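Just so it is clear, the model here is predicted, and its values are computed rather than measured. Within every chain, numbering begins at 1; the chains are lettered A, B, ... in the order of the sequence lines, protein sequences first and strands thereafter.
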2 protein chains.
Amino acid sequence: MPAPTARSVTLDDVARAAEVSRATASRVLGGYGFASVDARDRVHAAADRLGYVPNITARALVRGTGVRLVVAVTGTDATVLDDPYVDRAVAAAARVCAPHGVGVSLEWLPLDAPAGLRRLDDRSVCGVLLVNTIAPVLDAVPAGLRGRVVSIGVGSPAVPSFDVDNAGGTEAVLRHLHAGGRRRIAMVTGPRWLSCAERSVTAYQRLMRAAGLPVRLVTGDFTAARGHRAALTALRRWPDTDAIYAVSDATALGVIAALRGRGIQVPHDVAVAGFDDIPYAAVSAPALTTATHPVARIVTAAASAVLDGRPVPPVTAFPSRLVARESA
Amino acid sequence: MPAPTARSVTLDDVARAAEVSRATASRVLGGYGFASVDARDRVHAAADRLGYVPNITARALVRGTGVRLVVAVTGTDATVLDDPYVDRAVAAAARVCAPHGVGVSLEWLPLDAPAGLRRLDDRSVCGVLLVNTIAPVLDAVPAGLRGRVVSIGVGSPAVPSFDVDNAGGTEAVLRHLHAGGRRRIAMVTGPRWLSCAERSVTAYQRLMRAAGLPVRLVTGDFTAARGHRAALTALRRWPDTDAIYAVSDATALGVIAALRGRGIQVPHDVAVAGFDDIPYAAVSAPALTTATHPVARIVTAAASAVLDGRPVPPVTAFPSRLVARESA
DNA sequence: GTTTGTGGTGGGAGCGCTCTCAGGTGTGCG
DNA sequence: CGCACACCTGAGAGCGCTCCCACCACAAAC
């Protein structure tokens with residue numbers, strides 16, 4: 001339970017000191033309505049002298065605007081909150097919200113309890129950013145939250161989506177591998193319940209089939225550890241694999257570590273590509289070829305949309321771009 | 001400007017539906033004071049039926065408790081907010097705060113404007129976590145914020161500190177390098193204005209002098225790019241360097257990339273060690289030897305202390321532990 | 001002279017909640 | 001029977017703010 005904070009200077013104090021009414025002080029400080037130059041000066045002087053800082057809680061209460069934006073991450077367990085993608089999203093959201101005096105909360109939305117969203121239907125919540133979410137969660141958005149929820153990923157008629165062009169990014173990576181002469185390309189997927197990761201899988205399947213190449217899928221979960229295991233599985237099943245495309249960079253780094261452990265040269269024997277362009281992709285050995293997308297821009301756009309409360313187009317797609325480095 | 005949220009079910013609605021007064025409903029839902037079994041049942045039933053969610057803003061206003069916790073990061077520019085350490089801190093803080101309905105804001109505190117803290121002396125702020133801060137900022141903590149501020153790093157008489165044992169961690173790493181036969185150990189520092197990073201430098205200097213070994217310092221800034229440059233500088237100045245200790249893992253990964261670029265074998269020719277144990281330390285090539293410290297635990301402790309408002313010991317130190325991997 | 005602005009001001013309601021306080025009603029005990 | 005002492009309840013003040021609305025003074029237009 002947060003402890004009460006010390007009493008501070010209120011608008012009443014300022015008004016009294018400036019010898020005007022609270023309404024006038026509010027008008028001056030809020031910058032709306034009329035006020036004589038004289039009153040304006042006196043109020044500003046008093047506010048400065050007293051060190052007045054408006055109480056955002058009270059403002060939020062009367063305006064009914066909410067004071068925190070929730071980043072809700074869907075997943076099987078709370079470890080999804082440790083994802084670097086989530087970290088970046090929270091940081092970007094926090095930066096957008098800070099000037100509004102709005103805080104950011106991180107919530108885990110269990111995969112099997114989509115109704116958990118209801119808990120957020122509280123007027124202190126000015127918006128929700130759904131990360132890595134699934135259709136049942138979108139369907140469970142309570143009416144009171146409508147218009148204040150956006151999804152970073154899959155959308156729905158009721159929930160606008162700000163999304164990465166996973167299919168386009170996947171295509172760029174696969175074309176690059178193909179251009180490098182790779183033909184037996186395995187893919188380490190994300191969790192299969194996550195439709196935005198599945199879009200990459202669908203794109204992979206489509207492109208491989210179109211090119212008459214074999215489809216080789218191993219399920220991963222975005223983590224490096226799982227990527228490590230997945231690489232070994234792929235090599236066991238299809239020893240002639242000459243490239244591995246991982247749906248996240250963390251996974252790709254795990255794949256590279258596994259190959260190194262097996263004495264397999266990257267990219268000479270097996271090329272490896274990831275997806276995300278995390279900071280360490282550039283300094284891994286070999287430096288990781290991946291697809292980049294503007295997480296910060298996506299989240300900034302999404303958070304701004306929620307905060308502004310403007311109507312938003314149902315889908316805003318952000319392009320993904322190939323970053324060719326050493327690993328493929 | 002956040003948009004007004006839809007009108008939702010209030011305590012009055014619940015009270016009316018349960019045919020009790022607002023006070024009784026509040027008492028039942030708040031779990032304090034007396035209430036007959038009958039009233040209790042009716043209120044709970046009504047709350048469930050109506051889908052009542054308390055408005056945390058209103059509660060915070062009347063209790064005067066604040067609804068957001070600010071993570072304030074000191075640095076020369078806003079890019080400090082992209083630090084993975086900061087990301088982890090925000091995520092951990094958000095997780096502690098969420099159950100209290102408290103949001104987390106991220107603020108950048110310019111290095112040359114310690115008074116920026118004053119802006120936070122607002123009753124909507126229930127606490128401040130100072131990250132990577134410096135003495136002038138601590139001295140500038142406004143009176144109204146006293147008791148609600150803790151520092152992750154250097155402390156002061158007015159501001160309790162939750163800190164990593166940088167000196168101990170540095171000692172552990174250097175002893176490990178020494179035990180591996182390394183004698184010409186260069187160090188890539190953090191920003192020189194950051195006293196908690198400087199503690200590592202002091203420990204390095206002390207230990208090297210005590211062992212009669214040369215002190216070789218290059219200034220870094222925690223980034224991989226700077227680590228890359230710093231490694232080249234160190235090699236130019238002291239070509240016989242046989243180990244590089246970087247004060248952050250990101251820096252160390254940059255160092256390894258630079259050495260690889262020069263065709264220098266790690267750890268055969270030059271050993272490399274970092275500090276932090278970020279997730280990618282384990283999957284880099286070679287896997288990075290580093291010192292780990294419990295960021296999540298530190299921040300959790302700090303955030304809980306602020307939220308609880310209990311008096312806190314002036315300094316709480318968290319041990320740092322060597323993680324020996326391949327790079328040293 | 002009356003009407004219609006137009007700039008300026010303050011009263012006051014009310015956002016949704018907590019919590020004090022003054023009052024009940026019922027039981028046990030001297 | 002009176003009194004203390006539970007248990008239980010609701011009226012109401014008030015957290016700090018915004019903003020509607022009534023009001024006033026004065027000037028311009030009819």
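Here the C1' atom of nucleotide C:dC17 and the CD1 atom of B:I56 are 12 Å apart, to the nearest Å. The distance between atom CZ of B:F34 and atom P of D:dC5, rounded to the nearest whole Å, is 15 Å. Atom CG in A:D38 sits about 18 Å away from atom P in C:dG7, given to the nearest Å. Between A:R63 atom CZ and C:dG16 atom C1' the separation is 17 Å, expressed in whole Å. In this structure, the CG atom of B:L29 is 16 Å from the P atom of C:dG16, given to the nearest Å. The nearest whole Å value for the distance from the CZ atom in A:R59 to the P atom in C:dG16 is 18 Å. Protein atom CD of B:E19 is 19 Å distant from nucleotide atom P of D:dC8, rounded to whole Å. Here the C1' atom of nucleotide D:dG14 and the CG atom of A:L61 are 12 Å apart, to the nearest Å.
Put simply, the side chain of B:D13 gets close to the backbone of B:T10: a donor and an acceptor are under 3.5 Å apart. Side-chain N or O atoms of A:R148 include one that pairs as donor or acceptor with a backbone N or O of A:V125 at under 3.5 Å.
For the pair A:D12 and A:R16, the salt-bridge criterion is not met [side-chain N within less than 4.0 Å of a carboxylate O].
Of the candidates D:dT18, D:dC15, D:dT9, D:dT9 carries the atom nearest the B:T24 side chain, counting heavy atoms from C-beta on. Here the nucleotide nearest the side chain of A:L11, chosen from D:dT9, C:dC17, D:dC17, is D:dC17. Nearest nucleotide to the B:R27 side chain, out of D:dG10, C:dT9, D:dC8: D:dG10. The A:S26 side chain lies nearest to D:dC19 when the options are C:dC17, D:dT9, D:dC19.
Annotation: of the two residues near DNA chain D, B:S36 and A:D12, the 5′-most nearest-nucleotide partner is B:S36. Each of A:A23 and A:T57 was assigned the nucleotide of DNA chain D with the nearest heavy atom; the assignment lying further toward the 5' end belongs to A:T57.
Using a 4.0 Å heavy-atom criterion, one finds that A:A39 contacts the sugar-phosphate atoms exclusively.
At a threshold of 4.5 Å between non-hydrogen side-chain atoms, the residues A:V164 and A:I298 count as touching.
For C:dG10, one of the phosphate oxygens OP1 or OP2 lies less than 4.0 angstrom from a side-chain nitrogen or oxygen of A:S21. Using a 4.0 Å cut-off, no side-chain N or O of B:R22 falls inside it from OP1 or OP2 of C:dC19.
A:T74 and A:T133 are linked by a side-chain donor-acceptor pair at a separation below 3.5 angstrom, with hydrogens and angles left out of the test.
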